[in-house]
**Student:** 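First the structure, which I've put down as structure tokens, then a few questions once you've had a look.
No experiment lies behind these values; they were computed from the predicted model shown.
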Protein chains: 2
Amino acid sequence: MASHGARGRSGGRPTLEEVAARAGVGRGTVSRVINGSPRVSDATRAAVEAAVAELGYVPNTAARALAANRTDAIALVVPEPETRFFAEPYFSDMLKGVGAELSDTEMQLLLIFAGSDKERRRLAQYLAAHRVDGVLLVSVHADDPLPDLLSQLDIPAVISGPRSAQETLASVDSDNYGGARQAVEHLLSRGRRRVAHITGRLDVYGAQRRVDGYRDALSDAGHGADEALIEPGDFTEEGGSRAMAALLERRPDLDAVFAASDVTAAGARHALREAGRRIPDDVALVGYDDSAIARHMEPPLTSVRQPIEEMGRRMIDLLLTEVADRRPLASRGLDRRQVVLATELVPRSSS
Amino acid sequence: MASHGARGRSGGRPTLEEVAARAGVGRGTVSRVINGSPRVSDATRAAVEAAVAELGYVPNTAARALAANRTDAIALVVPEPETRFFAEPYFSDMLKGVGAELSDTEMQLLLIFAGSDKERRRLAQYLAAHRVDGVLLVSVHADDPLPDLLSQLDIPAVISGPRSAQETLASVDSDNYGGARQAVEHLLSRGRRRVAHITGRLDVYGAQRRVDGYRDALSDAGHGADEALIEPGDFTEEGGSRAMAALLERRPDLDAVFAASDVTAAGARHALREAGRRIPDDVALVGYDDSAIARHMEPPLTSVRQPIEEMGRRMIDLLLTEVADRRPLASRGLDRRQVVLATELVPRSSS
DNA sequence: ATCACTGGTGGGAGCGCTCCCACAGTACCT
DNA sequence: AGGTACTGTGGGAGCGCTCCCACCAGTGAT
């Protein structure tokens, strides 16, 4: 008689209890089946699954979150205004990788923009409320307080691009050092001898590593480091243009430029044109990121490609591991919390 | 003595109960303060707020969701693959409006892509679990089962672009009829007399309305409807090109074309060029959407602009109203559940 | 036989809120 | 005086899960 709806708000969604009654088992057993515990007999499992299907039972996430103290959600935090998010393929590629890796998981992905101060305050509140089990942090600046907030709140997080060589958070990065070497070695192999470098913002660790790669590639090839061939940029087009002009003034004999980003390269190209230098005839140019800009530049730009989609996938891998490790008070599997992925040089006619 | 942490897991986050103890009031009172109920004396409210601040209390969303049977989250569902989402400014504009209108709300926005079958199944499950209080549905096709699923689950939803004149869901749309009239009237005012129309996919209600607007504008101006001047397209570039070719064959004397989208217009332009017709000298061309394509076309394309960002804002308004109306079993404020916003003609040199 | 174990199971005790009923106090009519 | 009505407040009873302990076979070692 008391089959379903003991306290039956008959209209409502079925509950665990109702499934249990229907299947003739206890609540605990249904819970075990739902959560895929192995310690359930096959017969019982079948009975429960039948009841679930008949009743159209769907677990109540809020109740689960409350009881288990987890949310089964992670956030992808973009500390940029939404405009940049849409403008740069970096983010959509990243999102594609993240989505793919998450697709056969129960985890739900939240996309959070934190470009403005207001949004950042909201985010802090959000994190303080522990509304996600983990955080993916992309495109973080050196002075960003977010990573520290996360460690303080003890929320698992993975960062794309470590802030320094001593990064404490788990991170996934592409090989900035190796990518820079590839670019420079490519230019040298093409017979260039006076290779300049326009750097990125040097408070970004990845930009520093690119400078290191540039230097080492030159010295390994027996070229002394010529500091006059290095000019700081800031990843912007104007910065690239300004830096190029400075370089041309200082070292008019340069025959190649490695720019720390495609956008920077676009600026450099502009300055080169103004100075009447032909690309690649007079000066070869290599960028970084292999963005749409590179493909559409005139002439098409040789660039270093980062496996961004794979970075997204690896970030999820890492994060899920960190989240899982926190569930039982057990084994930390921190074997490799800093992942570095190889880059690839995409040669085009600018070099 | 028993001030805080009656059952104190000292490490954990403070709870409502702890705040109540600290402030020397009952749980109910703290809850009232947190939720902004007016029936709390100023003195008590101040005491509670102080306790909240001292303890750094943040409400537990899961507990609240469980007890109150709401989630304080809404979903923006995009039934397209992510690629299109990033490619078309429509979505980013929409998102901007939505975000703006939501920013001084406690509501959290979830972005859900449902392009593939797998994703759609996930979404259905997600909605069945009632993980959001409401849904924003953009870019829905006529045969999409999603709207019905939503009404069936009794989840408030707002659709961008009604599926028919009898749309039951709340909707926000731009004035497709009026926009088409604007386009045609503009062409007539420029002295054009044989204005053709390449339609959109006619299973999209908005496309039908554009045809209606086109027809009425012509007949109101005393031009009989010439069905030979109407050719179905499908919103794609190839479709536009094909339709244009057909029109030219059938009515080589046409002197203007109103295309149901900028993309369609791009296709039409191609066909016109191939046929040796000059734009606008021989044939004037008007598109729809005022997208980047319109601005960058050669010659720049006259187009009808939809206020997409405002549409996003209005959709949120409507949705929040619907969600609020469902909270107490009270007053439905369904005054205007179908919003239509005016369009604007942006004249450029193609007409 | 007795004593471990082990796989399988039931159900109590929470998780941290909101809802709502009860009730004290004050104020304003009859 | 007694009624009625409100404001402000406390706290019990859930919301629907998970966790964990207790318990019941069955199995093999002693």
**Student:** Tell me: CZ of Arg70(B) to P of dG16(D), nearest whole Å?
**Tutor:** 16 Å
**Student:** Would the number of heavy atoms belonging to other residues, nucleotides or ligands and lying under 6.0 Å from CG of Asp104(B) be above 12?
**Tutor:** yes
**Student:** What's the CD1-P distance between Ile34(B) and dC19(C), to the nearest Å?
**Tutor:** 14 Å
**Student:** Between Phe86(B) and Phe85(A) (judged by ring centroids, cut-off 6.0 Å), do the two rings come close enough to count as a pair?
**Tutor:** yes
**Student:** Closest nucleotide of DNA chain D for Arg32(A) versus for Ala62(A): which of these residues is on the 5' side?
**Tutor:** Ala62(A)
**Student:** Find the distance Asp42(A):CG to dG8(C):P and express it as a whole number of Å.
**Tutor:** 8 Å
**Student:** Across the strands shown, which category fits Thr61(B) at heavy-atom distances under 4.0 angstrom: base, sugar-phosphate, nothing?
**Tutor:** nothing
**Student:** Can you check whether Ser41(B) has a side-chain N or O nearer than 4.0 Å to OP1 or OP2 of dT7(D)?
**Tutor:** no
**Student:** Run the numbers on Arg131(A) and Tyr126(A) for side-chain contact (heavy atoms from CB on, under 4.5 Å), then give the verdict.
**Tutor:** CA-CA 6 Å; Arg131(A) 293 186 60 170; Tyr126(A) 194 82; 3.5 Å; yes
**Student:** Answer yes or no: does a side-chain N or O of Thr29(B) lie under 4.0 Å from OP1 or OP2 of dG10(D)?
**Tutor:** yes
**Student:** Ignoring backbone atoms, test whether Ser31(A) places a side-chain nitrogen or oxygen under 4.0 Å from the OP1 or OP2 oxygen of dT18(D).
**Tutor:** yes
**Student:** Starting the side chain at C-beta, find the nucleotide from dC17(D), dT9(C), dG16(C) nearest to Thr44(A).
**Tutor:** dT9(C)
**Student:** Between Val30(B) and Ala63(B), which is nearer to the 5' end of DNA chain D once each is assigned its nearest nucleotide?
**Tutor:** Val30(B)
**Student:** Rounding to a whole Å, what distance do you find between Leu16(B):CG and dC19(C):C1'?
**Tutor:** 13 Å
**Student:** Measure the distance from CZ on Arg39(B) to P on dA22(C) and round it to the nearest whole Å.
**Tutor:** 17 Å
**Student:** Could you tell me the separation between the CZ atom of Arg64(B) and the P atom of dC15(C), rounded to a whole number of Å?
**Tutor:** 19 Å
**Student:** Classify the nucleic acid contact of Asn35(B) as base, sugar-phosphate or nothing, counting any heavy atom under 4.0 Å across all strands shown.
**Tutor:** sugar-phosphate
**Student:** Enter the distance from Arg64(A):CZ to Leu66(B):CG here, rounded to the nearest 0.5 Å.
**Tutor:** 13.0 Å
**Student:** Identify whether the distance between the nearest side-chain nitrogen and carboxylate oxygen of Arg337(A) and Glu322(A) falls below 4.0 Å.
**Tutor:** yes
**Student:** For dC15(D) and Thr15(A) - does any side-chain N or O of the residue sit under 4.0 Å from the phosphate oxygens OP1/OP2?
**Tutor:** no
**Student:** Find the distance Asn69(A):CG to dG14(C):C1' and express it as a whole number of Å.
**Tutor:** 13 Å
**Student:** Tell whether Arg27(A) reaches the base of dG12(C) with its side chain through a donor-acceptor pair below 3.5 angstrom.
**Tutor:** yes
**Student:** Can you tell me how far P of dG16(C) sits from CG of Leu66(B), to the nearest Å?
**Tutor:** 12 Å
**Student:** If you take atom types as modelled and just measure distance, does the side chain of Arg45(B) reach the base of dG8(D) with a donor-acceptor pair under 3.5 Å?
**Tutor:** no
